[in-house]
Amino acid sequence: MRILHTSDWHLGRIFHGTYLTGDQAHVLQQFIQLAGEARPDVILITGDIYDRSVPPTEAINLLDETLSRILMDYKVPVILITGNHDSPDRLGFGARLMARQELHLIGQLTDRLKPVVINDQYGPVYFCPAPYAEPPLVRDRLPAPGAVNHEQAMLSLIQHLSAPIPAGARKVVLAHAFVAGGEESESERPLSVGGSGTVSASFFEPFNYAALGHLHQPQQAGSEHVRYAGSLLKYSFSETSHRKSVTLVDMDGAGKTSFETISLTPRRDVRRLEGYFTDILAGPKNGESRDDYIMVTLLDTGPIMDAIGKLRQVYPNVLHLERPCLTAGGELRGPGADHRRLSDAELFSSFFEQVTGTPLSDEQDKAFAEILEQFYRQEREVQP
Ligand SMILES: [Mn+2]
């Protein structure tokens with residue numbers, strides 16, 4: 001069984017004011033080609049297909065084009081689960097019809113959730129799709145009264161999905177979750193504002209392969225067969241050193257797996273430049289592209305007129321400029337700090353402190369976390 005695992009496409013993403021749809025189309029073109037050449041038996045997409053619950057039409061068209069070509073040109077079945085950025089109801093439109101065409105869209109959580117079975121010459125492999133779901137939803141829909149946090153909710157989901165699988169059968173799990181100990185980037189939205197939101201890697205151990213989504217850096221979580229494919233592109237300037245890739249998994253008849261990560265080449269890289277204004281204006285060195293998405297950190301202390309305008313004459317896609325020498329103490333909180341690096345909760349607590357002169361109490365902090373979580377849930381249009 002050959003499995004191609006990819007995740008966190010975030011179609012429709014806006015990066016520092018720039019739509020990335022063209023860049024996403026560029027790498028998805030390579031992905032389609034890979035699907036044609038590697039001839040996997042199945043493609044797994046583990047959540048955050050779109051960047052938000054109501055994606056722009058360009059993003060919808062891109063997903064339509066990509067999935068249509070994979071399914072119609074190459075006849076490769078696709079199993080896709082929703083992540084915390086997706087709306088399960090919108091993405092789940094027509095899911096029963098499309099399942100007949102081997103496009104398995106799994107978003108809405110119901111007690112009818114069950115493994116998707118795909119056969120190879122050795123027999124069946126059971127694919128257990130666990131879409132992202134907040135604990136209250138798992139409690140209500142599965143139902144699973146013990147699902148009081150993300151850890152218990154994942155355990156309930158996995159137990160439910162595993163129940164129909166015969167002993168000794170080969171099995172794969174798909175999940176959108178934050179496995180404890182995983183390495184975060186700045187472009188993931190936290191799954192839980194108040195608590196940790198993490199789940200234990202041990203839940204995924206019994207599977208022959210665990211295809212994970214949520215963390216944007218490709219990585220294994222504990223064991224070699226428990227893996228994050230990582231995001232399609234670099235979605236923040238904290239990811240400049242990442243090598244984005246998709247994961248090709250080969251499983252034999254006994255369920256033993258081997259792995260290969262395959263890099264996709266972006267149209268523009270995401271890079272950081274640090275130095276003095278005149279040195280940076282000298283332009284790219286050999287082999288570097290001036291069209292990359294660039295964040296510039298200037299070490300100059302004196303005034304510079306229209307620094308970003310001048311930099312853009314050399315690097316047209318400078319998206320962010322930092323001048324740490326002009327920011328008092330380089331402190332991240334308070335006015336003048338880079339708000340893009342703060343979480344919603346941190347932003348609010350900083351705002352509150354600035355306005356009232358006193359920091360948030362623990363009680364206020366907790367109340368705000370609850371409201372924020374409720375807001376995220378509403379954005380995904382899922383109750384309760
Ligand atoms: Mn994501």
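These values consider heavy atoms only, across backbone and side chains, with no hydrogens, waters or symmetry-generated copies. Ligands are counted one by one from 1 in listed order, and the atoms in each one are counted from 1 as well. By convention here, the first residue in the shown sequence is residue 1.
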query: Which atom, among the N/O/S set of Asp48, is closest to the Mn ion (ligand 1)?
result: OD2

- prompt: Parallel, tilted or perpendicular: which describes the rings of His150 and Tyr132, with under 30° parallel and over 60° perpendicular?
  reply: parallel

message: To make sure I understand the geometry: which N, O or S atom in His10 is closest to the Mn ion (ligand 1)?
response: NE2

query: Is a donor on one side and an acceptor on the other found under 3.5 Å between the side chain of Gln219 and the backbone of Glu183?
result: yes

- request: Report the relative orientation of the aromatic rings in His16 and His320; use parallel for angles under 30°, tilted for 30 to 60°, perpendicular for over 60°.
  value: tilted

message: I'd like to know whether the aromatic ring centres of Phe178 and Tyr228 sit less than 6.0 Å apart in this structure.
response: no

message: I'd like the atom name of the N/O/S atom in Asp8 lying closest to the Mn ion (ligand 1).
response: OD2

message: With a cut-off of 2.8 Å, does His214 put an N/O/S atom close enough to the Mn ion (ligand 1)?
response: no

